[in-house]
Structure formats: structure tokens, C-alpha cells
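Please read the structure below before turning to the comments.
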Amino acid sequence: MPNLPDIRARDEVPQVSHLIPGKLAYWTRFIGPAIVLLAAAIAAAPIWFHGPVGGDDFEFHFVSWLDSQQSWHHGIPYPHWAPSPNFGAGEPRFVFYPPLTWMLGAALGLILSWTLVPVAITFLLLAATGLATRALARQALPNDPATLAGCAAIFSGYTLFTTYYRTAFAEFAGGFWIPLLLLFALRDRSRSAQTWRRALDGSTLPLALVVAGCWLSDAPVGVMDSYLLAAVALAAALLNRSWFPVIRAVIAYPLGVALTGLYLIPAAWEQRWVDIQQATGTIGDPGLRVENNWLFPHHTDPALHIRDVNLHFISPVAVCMIAIALLSLIVLGLRGQLIARNGEDGALARAWWMPLACIPVVVLFLLLPISIPIWNLLPKLRFLQFPWRWLLVVEAPMAIFFAAAIWPGKSRMRLLRPVVACLCASFFIASTVFAAGNFFRDDKEIDDLAALLASLNSGAGVVGTDEYSPPGADNSVVATELPDACLTDDFDTELGVTVTPDANPLWRPEQGGCLATPTASLRNPEHLRIAMVAAHAGFLVVRLRSYPAWRVKLNGSLATNLPTRADGLIVVPVSQGPIDLTVDWKTTVDVIVGRFVSGLALLSLIGLGSLERKLS
């Protein structure tokens, strides 16, 4: 690769493809990516046999896939309301949760059976992680060790933990975006060019798209991407003694964030309409607080037991990943492969590898209690909830340094390469077996896939997400098996009876809480209509969570200043006689602004691409 000091120039034997004529030489370039795809298939194989149900986030994602697809069937291409949570009362999940992974799952569900969708999405995200890491490694390593780095990222402890234990598909996508962010932030194609040409060398546009991809995949990944890009750009600028990395980041980041405006602006503006602070443990679950999630905790509070169980797994994983990265750096340093003087050939150029080398050290600091001032100081950092999420950015540097350290680079040692490859393959397979045996869970509180699918298809729904509830409302008091609407004498009538401790109340007709239970003549994700004749005045409690984006009309007139219930359901005062109640989702001003900002950003990116083509 031109203008990039690397180890390919000095000790490598000629590339095999140069010695093979014709079409065979063309096909050899696909061997590395094919190996990465095979590695992804091996890592995803346990999902095929075991299934992902029981992971922390699987039910959340599965419900999102089905609800998104249901909205598509009703002609809503970008849904905002998920109807299944809160046992059919719904929540504004799609306003706040980034769209890429739930749209990907819904799209795969159109062509695959739902039992295969988790396997497919796992394979795709694993493969993307490996290929992106390989692309980053190719900036400094030959094809073979770069391919090994891609495989090492797939089989890293945190990747397998996320795959089997947490099934956190949105965060999983960060394994793909983070290596690409490092690639485009650090790439320097024109060392001798002017600063502006070095910044706009064809890397700024893809960097902006990567920034957008991070935010559209997962909000914690977006936060990490923001701070990582700022730190890496500044470090690269100091090492290169040029402002081009900072200029590139300053141009790419706001454009990338603006491109996500159709999602990010409504998500930021409408936070006031939900109990979003429950996501950080400020109220609610103390296990979501950063200070309760350091490595190797010992809490006496029973409410933190489940977090201690998680940290029992993740703490050794964190130590191993950071240790492998640092030990690999030491090995490379002792060999002198990390020294690049005056642009001469070396294993890695200093301006390229030093920002990567700092990542494991900084992440280790962030995983320890001594870093709490940083968590309190930097905006939105607490929304990561768990410090160990930063292991996501360690995956690619660790994999690259590991591959560079163990791969026999010199030509006289090339006979050892098949041995190293076989040993690594054996280690990766053993890691998969170990992770599958220790990380998989069978949580009896979560039904199997067939039962979950049946519950969603029947309309029974699932529990809601606390941070998406109306302010002051309690998800735990939303009754199950409610009718579409219930006419009551009191607006705050309890509609269910608690049958099992720690379970939501159960509604039954014989309980007598409802004077009438009309059935909706129209009910889809963003529209509801109920027509009835009320025997007397009262309150109509609708099985739909209250949210300011709902336009509620009673007999053609807008209903405002509605009373609030403890369970957060919509309740409308009604008079005796005919009732025609409609509830429709309206497009709010912030949504319009978000779409406008995304459109402007898209036009700006087109112009940026044209400018970069001219300059490069």
C-alpha cells in the first residue's frame, strides 16, 4: 500500500498471486475474506444448535423485529411505536432505539424463518467484525497476519460473551464500525501533500458514514465512537505533526451525526416524554450505575446480585484481552518491529500503531474505580451504564497486535506459518467450545422461541422497557390480558389482581372493574378507533400507553388535559351516549426537523465526496 510503512517491503517473500498466472491469481485474493467468513460460521454454529433464548437482550430484539415488521405490513416504513411491550399497551421504543439492527432483523424475517433469523444476524455481524478488523490490519500487515487478526477479533472473549451471553445485537454491530472508524481516522494516503489534501484524501466521506453507522446501530456505541474519534484524531495529529487527522474528524463527525438527524433529533428531544433516567440507574435499577460495575465487584446489596454474576464472566475476559494486547506490544517492541524512523520501513508506523496501543491502557483505566471523575465529567458517558462496554474498542487493536506478534514474518521462518495457523485455529475452536459451554444460559423466566412467538402473535405481548415508560408511570402495574378499552367509574381504577408475587396484575372480566369492554374497530401500530354507546358517563381506559405524539379525538374533538394513571394508560373522560374515540400517531415538529437535517447532511456528503475525488 503506497505511502504506508509496513513489514511487507523487507522480509516478505513474493506474493503468491504474482507467481500464479491467469484467473487463479485473481481468485487468490478472496482466500483471506473466505477464511474470515468460515471463522464467523464456526463462531455462530453454537447459536444454530443451542439457540439464543436466555440472553440478556434477546427478547428485546426479537420483539423489535416482529413489531417493526408488523408496522411494515401496515405501510409504515419507519415505525415509532412498538405495540407488543407492556402486554399490548406498547411503548415508543423505535423513537429511542437506533434502527439499523431492528430493521435488519425484520428484513431477515421476511426471507427466513424466525428460528433462523438469530443465526443469520449473528453470522452477519461476526463476519462484518472480522472483515472490518482485517481491513484495518491490512494498513500495516500482509494478507496472512491481517486475516489472522480478523479471525482473532471474531473469537475474542468479549465478542463471544456478547454473542452467547448477552445477545446484544446492536452493540455487536460496533465490532464492525469501530475498526472502520480507526481505519479512516488514521489513514494517510498522501504524506507529502498539503494538510487539506491529506485530510480530504478520500477518507473523510467514509468516516462520516461510519460515524452515522455507529449512532444508527447503538447509542452506547455512538458515545464511544465520539470520544474514541476525538482521542485518536488528536493523538494522530501530534504524532504526525500535522492537523490533518483533526481536520478530517472535525468535518466528518458533524456530518455523520447530522445524517442521523431523522433518528437522533427526535430521540434527544423526546427524552422529556419518557423516564429515560432509568437507563442510567439514576432512578430504578442500581445495577445500571457505572460505579456498581467495576471489575471484580463484591456487593452485599441483593439488587446487585445479577450484575455481580455478569461481572463474574466479564472481569476475566477484560483482563485477558487487555493482557494479550499489552503482551503482544511488548513482544513487538522487543523485536524492534514497532520502531519506524523517518518514514523507513518497519512493522508498524509510529503514527499508526501508537493510537491503537493506547486504547487497551485507557480502557483498563476506565474499568477501575479511579476513573469515576472522568465518568462524571464527560457528557453522556454515563449512558454506557457498564464500563466494560469499552472492551468493544479493544477487540481490533488486540487482534492486530496479537496477529503481528505471533505470525512468523521473516522469510526464513515461513515454514512455521502453517504450524502457527493450525495452532491458532485449534485455539479459536477451543475458545468457541469453552464460551458455548460457559456463556450460554437457560433462563427459566424467558420462554423458548416458539412460546415467545406465540405470545406475540396472540397479542398477549411482553413486559415493557422501564426507560420508555411515561414519567411517573410504573410498568409493573400494567395488567395483562386487558381488553382494548374499559369503561370505569374512576379514572384510576385498578384493572387487575396480583396473582403471583413480582408479576404484573392479571385482568379478568369477573373482577368487575370494567362496566363495559368495547372492542376496537381499528387497531394497528399507529391508529386506534373505538366506537360504543356508554350507558352512563365515566372514564374510558384504553389499552395504549400515553405519549404526547398520540392525537386523541373524542367524537371529532381533540381531547386534551387527560388524567394520568399509575400504569400510564390513556384514559379519556366520556359522557353518556355514543362514543367515537380515535387515537392516531402524529408527526411532531422534532421529527420534521430531523428529516430536514438528514436531507441537508446527505447533500453535504455528496458535495464532500465530489471534492475528495477532485483532491485525491
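Excluded from the calculations below are hydrogen atoms, water molecules and symmetry mates; all remaining heavy atoms, backbone and side chain alike, are included. When a residue number appears, it is its place in the shown sequence, counting from 1.
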In residues 236-251, what donor-acceptor pairs under 3.5 Å come from side-chain atoms, sequence neighbours left out?
from	atom 1	to	atom 2	distance (Å)
N240	ND2	A236	O	2.8
S242	OG	F244	N	3.3
R248	NE	A199	O	3.0
R248	NH1	F184	O	2.7
R248	NH1	R187	O	2.7
R248	NH2	R187	O	3.1
R248	NH2	R198	O	2.7
R248	NH2	D201	OD1	3.1
R248	NH2	D201	OD2	3.3

Ring centroid separation for [X] and [Y], is it under 6.0 angstrom?
X	Y	answer
Y97	F60	yes
Y263	W215	no
W550	W81	yes

Under 3.5 Å, is there a donor-acceptor pair between the [X] and [Y] side chains?
X	Y	value
E395	T159	yes
H527	D584	yes
D67	S84	yes

*What distance do F172 atom CZ and T163 atom OG1 have between them, rounded to the nearest 0.5 Å?*
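Atom-to-atom, F172:CZ and T163:OG1 are 3.0 Å apart.
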*asked:* Would you compute the distance between atom CG of L364 and atom CD1 of I322 and round it to the nearest 0.5 angstrom?
replied: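 Answer rounded to 0.5 Å: 4.5 Å.
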With sequence neighbours left out, write down each residue that passes side-chain hydrogen bond (donor to acceptor under 3.5 Å, both in side chains) with [X], or none if nothing qualifies.
X	value
E171	Y158, R166, R389
T260	none
Y547	E270

Please tabulate, for the side chains in residues 103-117, all donor-acceptor contacts under 3.5 angstrom to protein atoms that are two or more places apart in sequence or on a different chain.
from	atom 1	to	atom 2	distance (Å)
S113	OG	T115	OG1	3.0

*asked:* I'd like to check the ring-ring contact (aromatic ring centres under 6.0 Å, His included) partners of Y253; sequence neighbours left out, ordered by chain and number.
replied: none
*Under the ring-ring contact (aromatic ring centres under 6.0 Å, His included) test, residues paired with W65 that sit two or more places apart*: F169
Side chains of [X] and [Y]: does their closest heavy-atom pair fall under 4.5 Å?
X	Y	value
W177	L216	no
L356	L186	yes
V552	L558	no
L182	L228	yes
P525	S71	yes
F161	W388	yes
S217	P98	no

*Using side chain to side chain contact (heavy atoms under 4.5 Å, CB included) as the criterion, list what pairs up with D466, not counting sequence neighbours.*
Q278, N475
*asked:* Before you tell me yes or no, could you show the steps for R93 and E91 under salt bridge (charged side-chain N to carboxylate O under 4.0 Å, His left out), namely the whole-Å CA-CA distance, both residues' side-chain angles and the distance that decides it to 0.1 Å?
replied: CA-CA 5 Å; R93 174 178 300 188; E91 66 185 18; 2.9 Å; yes
*asked:* What verdict does the side chain to side chain contact (heavy atoms under 4.5 Å, CB included) test give for L288 and F386, after you've listed the backbone C-alpha separation in whole Å, the side-chain angles of each residue and the deciding distance to 0.1 Å?
replied: CA-CA 7 Å; L288 300 178; F386 315 122; 3.7 Å; yes
Residues 596-611 side chain polar contacts: donor-acceptor under 3.5 Å, at least two apart:
from	atom 1	to	atom 2	distance (Å)
S598	OG	L259	O	3.0
S598	OG	G261	N	3.1
S598	OG	L262	N	2.8
S598	OG	G594	O	3.2
S604	OG	L600	O	3.0

Pair up each side-chain donor or acceptor in residues 372-381 with any protein partner under 3.5 Å, not counting sequence neighbours, and list the distances.
from	atom 1	to	atom 2	distance (Å)
W375	NE1	L366	O	3.3
W375	NE1	S371	OG	3.1
N376	OD1	R382	NE	3.0
N376	OD1	R382	NH2	2.8
N376	ND2	I372	O	3.3

Side chains of residues 34-41: which donor-acceptor partners sit under 3.5 Å, not counting sequence neighbours?
none

Can you give each donor-acceptor pair under 3.5 Å made by side-chain atoms of residues 121-134, sequence neighbours left out, with the distance rounded to 0.1 Å?
from	atom 1	to	atom 2	distance (Å)
T122	OG1	P118	O	2.7
T129	OG1	L125	O	2.9
T133	OG1	T129	O	2.9
R134	NE	T147	OG1	3.0
R134	NH2	N143	OD1	2.2

